[in-house]
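Okay, structure first, notes after.
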There are 2 protein chains.
Amino acid sequence: MKINEGVEWAAHCCLLLNWMEADGPVSTARLAAGYGLPPAYLNKQLQPLVKAGVLTSTAGKKGGFRLAKGLGDITLMDILTAIEGPDEAFKCAEIRQAGVWADLPASAFRAPCAIDTAMRSAELEWRRALAAQTLAQVQANAELQAPGLRRQVQDWYAAR
Amino acid sequence: MKINEGVEWAAHCCLLLNWMEADGPVSTARLAAGYGLPPAYLNKQLQPLVKAGVLTSTAGKKGGFRLAKGLGDITLMDILTAIEGPDEAFKCAEIRQAGVWADLPASAFRAPCAIDTAMRSAELEWRRALAAQTLAQVQANAELQAPGLRRQVQDWYAAR
DNA sequence: GGAGGGTTACTCGGATAGATCGTGTCCGAGTCCAAGGGG
DNA sequence: CCCCTTGGACTCGGACACGATCTATCCGAGTAACCCTCC
């Protein structure tokens, strides 16, 4: 039960892409350099975001990634599902249907597994909280805590 | 991001152990037979629960596992942390401290990473929901949906 | 000067290895029960 | 009849393979910009 680090990378990149929006597409190499990440692997992590409609990619010279929509329309849930896939973390294997319960009539399984229900509802709380957090809010918090950072990052990239 | 199936196994076993409490310890072989699981692997999954103080184990003939406390004192969170470990699913690697941010003064990192904060708070919601669910509640729901099941299971084990 | 074509350099995207973690199995140390013998 | 010893079988616990997923890298198809030539 460990979340791919690509989720963190993607979130950071989205925030950065928003800051760099005026400069056109940003290539994987530039993004990776900003965070000290392996460029090729970062590229691989960003690809599912393109498929999910969070980013758009353009090839060729001066190509790179760009936000497909505003930060307010992107939630942490979007990023997670794009990279981790749509499946839930807890997967009920219905082990109760074997052994002791194998001889029971099928009607006994009409009701869902109580454990599965409890685990699902808890996980739903998590996903609900993730879906409630837009990247716009996250960025607002970040800029609130470090007001000059945005300009500093833009300058660093401009001089590169 | 996939939860070990051992979590589901452990939860089911705890409920079963509660039903079989009067019969003394239940061995791994009997537990596994009840769910059609590989006995040795189930044993391996239950061991951390003993270390966590959820179960007690006794060796030798007529040995096996037994609940260390009442179902009301065991939460889904206990089981999860016992098997998955205490670490959180989302681990912030502080990638913001490399590249662009490498030259910034240390004071810039006094404030926590905004992404980390948002992810953590969402995950906390999940853990809070898990900690609020005791196995006693889960079992109550299960027995409510299938009233005769408890007796049926006890009989199956008694005849074995 | 402007337009068109070719070159070039750079981009993403997917196909290909290595590392880490989850899954499954096996055997040994320890222990409890039971039976048998002696008092 | 009761107690102690001895044997045995069964248990958990950890050490040992296998497989899948995550991590990391490489190379190729494609494309947009640029430059040079020609009109």
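A note on names: the letters A, B, ... follow the listed sequences, proteins ahead of strands, and every chain is numbered from 1. Values below: all heavy atoms of this structure, side chains included; hydrogens, waters and symmetry mates excluded.
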Quick one: is D:dC12 close enough that its OP1 or OP2 comes under 4.0 Å of any side-chain N or O from B:Ser57?
no

Round to the nearest Å and state the distance from [X] atom [atom1] to [N] atom [atom2].
X       : N      : atom1 : atom2 : result
A:Leu42 : C:dC12 : CG    : C1'   : 12 Å
A:Leu49 : C:dG13 : CG    : P     : 11 Å
B:Ile95 : D:dT23 : CD1   : P     : 13 Å
B:Gln47 : C:dT25 : CD    : C1'   : 13 Å
A:Lys61 : C:dA9  : NZ    : P     : 7 Å
A:Arg30 : C:dT11 : CZ    : P     : 9 Å
A:Leu46 : C:dG13 : CG    : P     : 9 Å
A:Asp87 : D:dT21 : CG    : P     : 11 Å

Got a list of protein N/O to nucleotides 16-24 of chain C N/O distances below 3.5 Å?
from: C:dT23; atom 1: OP2; to: B:Tyr41; atom 2: OH; distance (Å): 3.4
from: C:dT23; atom 1: O5'; to: B:Tyr41; atom 2: OH; distance (Å): 3.3
from: C:dG24; atom 1: OP2; to: B:Glu5; atom 2: OE2; distance (Å): 2.9

Going by an N to O cut-off under 4.0 Å, is there a salt bridge joining B:Arg127 and B:Glu125?
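No.
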
Among A:Leu135, A:Val138, A:Asp78, find the residue that satisfies the side-chain contact (heavy atoms from CB on, under 4.5 Å) test when tested with A:Cys14.
A:Leu135

Is a side-chain N or O of B:Tyr157 found less than 3.5 angstrom from the main chain of B:Arg30, in a donor-acceptor match?
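Between the backbone of B:Arg30 and the side chain of B:Tyr157 there is a qualifying donor-acceptor contact (under 3.5 Å).
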
Without swapping roles, check the side chain of A:Glu84 against the backbone of A:Ile3 for a donor-acceptor pair under 3.5 Å.
no

Under the salt bridge (charged side-chain N to carboxylate O under 4.0 Å, His left out) rule, what do A:Arg150 and A:Glu143 come out as? Steps first, then yes or no, please.
CA-CA 7 Å; A:Arg150 176 188 189 137; A:Glu143 292 186 341; 3.2 Å; yes

Using the closest heavy atom to pick a nucleotide of DNA chain C for each, name whichever of A:Gly60 or A:Lys51 lands nearer the 5' end.
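The 5'-side residue here is A:Gly60.
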
Need to verify one output field. Residue with the more 5' nearest nucleotide on DNA chain C, A:Asn43 or B:Ala40?
A:Asn43

Might you work through the ring-ring contact (aromatic ring centres under 6.0 Å, His included) test for B:Trp101 and B:Phe109, ending with a clear yes or no?
CA-CA 9 Å; B:Trp101 291 268; B:Phe109 306 112; 8.2 Å; no

